[in-house]
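One structure is given below, encoded as structure tokens.
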Amino acid sequence: MSERSKPTVSVAAGKGGTGKTLFATSLAVALSEIHPGQVQLIDCDVEEPNADILLHPQITQHTPVNVLVPQVDLDICTRCGLCAKHCQFSAIAVIRDAVITFPDLCAACGVCAYVCPVGAITEVNRQVGSVAHGSTVRGIEFVQGRLSVGDQRATPVTRATGSCNDDSMITILDAPPGTACPMQETIEFSDYCILVTEPTPFGLANLEDSVETCRRMGIPCGVVINRDQAGRPGVEDYCTREGIDVLLHIPEDREIAEAYARGETLADAFPQWHDELVRVYEDVIRSLSQTATAKVEE
Amino acid sequence: MKVAVASSGEGLNAPVDMRLGRCANVIVVDTDTMEFEVHSNPGALAGTGAGVAAAQVVADAGAEAAIAGNFGINSLRAFNSGGIAAYVGSGTVGQAVEALLAGELELVE
């Protein structure tokens with residue numbers, strides 16, 4: 001993060017359904033009130049994008065996301081089989097006189113074209129998803145990636161979506177659930193990762209995985225406990241032990257669930273949450289500047 | 001004729017594997033002499049593309065037909081494109097080859 005650019009905050013969770021999108025969109029709405037026209041929300045959960053349900057943006061543009069796949073010129077190809085031999089993903093096969101490609105299996109590494117001794121293979125574009133661009137009535141800039149139906153390679157779409165991150169804006173990235181490649185690809189774009197969890201043994205187990213992922217990637221993180229209830233101290237104790245900031249508690253509350261079901265963020269439905277959400281963001285900024293100061297002093 | 005049989009073992013008395021893509025070995029039998037070669041299947045432990053990897057082993061061994069308990073969509077596409085016949089078989093490798101020669105196996109496309 002350079003001095004001029006505004007920090008990018010990712011919102012992630014070890015499992016789906018913890019309230020990640022509810023928190024990310026609520027944070028964006030609250031921040032847009034005090035920083036009008038300066039907030040960007042990017043939905044990187046390309047396998048099941050749903051931030052639009054809470055933010056109701058008007059989409060003005062779709063850009064395709066392409067990956068490279070091999071195209072074989074059968075008139076030039078000698079059927080030597082080197083491409084199939086070198087492909088680590090079995091995405092190309094030479095079966096007698098036929099050369100068959102399997103675009104779903106292809107990782108776009110290009111080794112087939114590289115090893116082809118006669119130059120029979122060219123890499124061509126294949127669309128695997130798209131990125132929608134738009135804005136909300138509150139002036140939040142909205143970006144959302146979507147993997148094409150039937151496609152399974154989420155990571156290139158996640159990368160294309162996350163790279164719409166605008167340094168001049170306060171960017172909130174809504175990450176895909178879990179800790180696998182698409183989640184890592186998303187949080188890599190961020191300066192700080194907010195991990196949303198629940199105060200259950202399952203929530204804690206997933207949180208531990210998420211924290212380890214952030215630490216290995218060198219991304220500072222803090223925790224939001226959603227559906228919090230009295231008498232469930234497991235997550236809180238873990239955070240104390242590990243020295244992780246608990247940024248916010250959102251209680252188990254029927255009214256919140258009902259508002260969510262109506263397609264409203266916390267900030268839309270409950271004005272009293274505004275200050276708390278803005279405070280979370282200020283805590284994140286403070287934590288980042290303290291880390292930066294500590295690094296300078298070292 | 002050479003026939004490739006998916007197997008969990010290493011000889012004519014080994015069982016036919018239920019799945020081509022994940023079989024341990026592809027056993028290639030010469031039906032004139034009943035001599036055979038054992039080729040290990042790189043697809044057995046592959047993350048993805050197991051069926052394609054196994055199909056490539058079958059083709060590279062020069063087999064004209066393949067026998068397994070079942071075939072996935074990718075291996076079938078490879079066999080159909082390359083003109084290798086795919087048959088559903090069971091029992092031991094030897095029994096499956098005999099059944100093929102007797103015309104008793106079902107062709108899959």
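Hydrogens, waters and symmetry mates are skipped; everything else that's a heavy atom, side chains included, is used. Numbered from 1 within each chain, the chains take letters A, B, ... in sequence-line order.
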Shortest non-hydrogen contact from B:Gly49 to A:Leu105? CA-CD1, 3.7 Å

Under 4.5 Å to a heavy atom of chain A? For B:Ala53 that would be both

When you look at CG of A:Leu74, are more than 12 heavy atoms from neighbouring residues, nucleotides or ligands closer to it than 6.0 Å? yes

Just by distance, which donor-acceptor pairs between chain B and chain A come in under 3.5 Å?
unit_1  : atom_1 : unit_2   : atom_2 : d
B:Gly49 : O      : A:Ser90  : OG     : 3.4
B:Gln56 : OE1    : A:Val94  : N      : 2.8
B:Gln56 : NE2    : A:Val94  : O      : 2.8
B:Arg77 : NH1    : A:Thr101 : O      : 3.1
B:Arg77 : NH2    : A:Thr101 : O      : 2.9
B:Gly83 : O      : A:Arg96  : NH1    : 2.8

Could you check whether atom CG of B:Leu107 has more than 12 heavy atoms from other residues, nucleotides or ligands sitting under 6.0 Å from it? yes

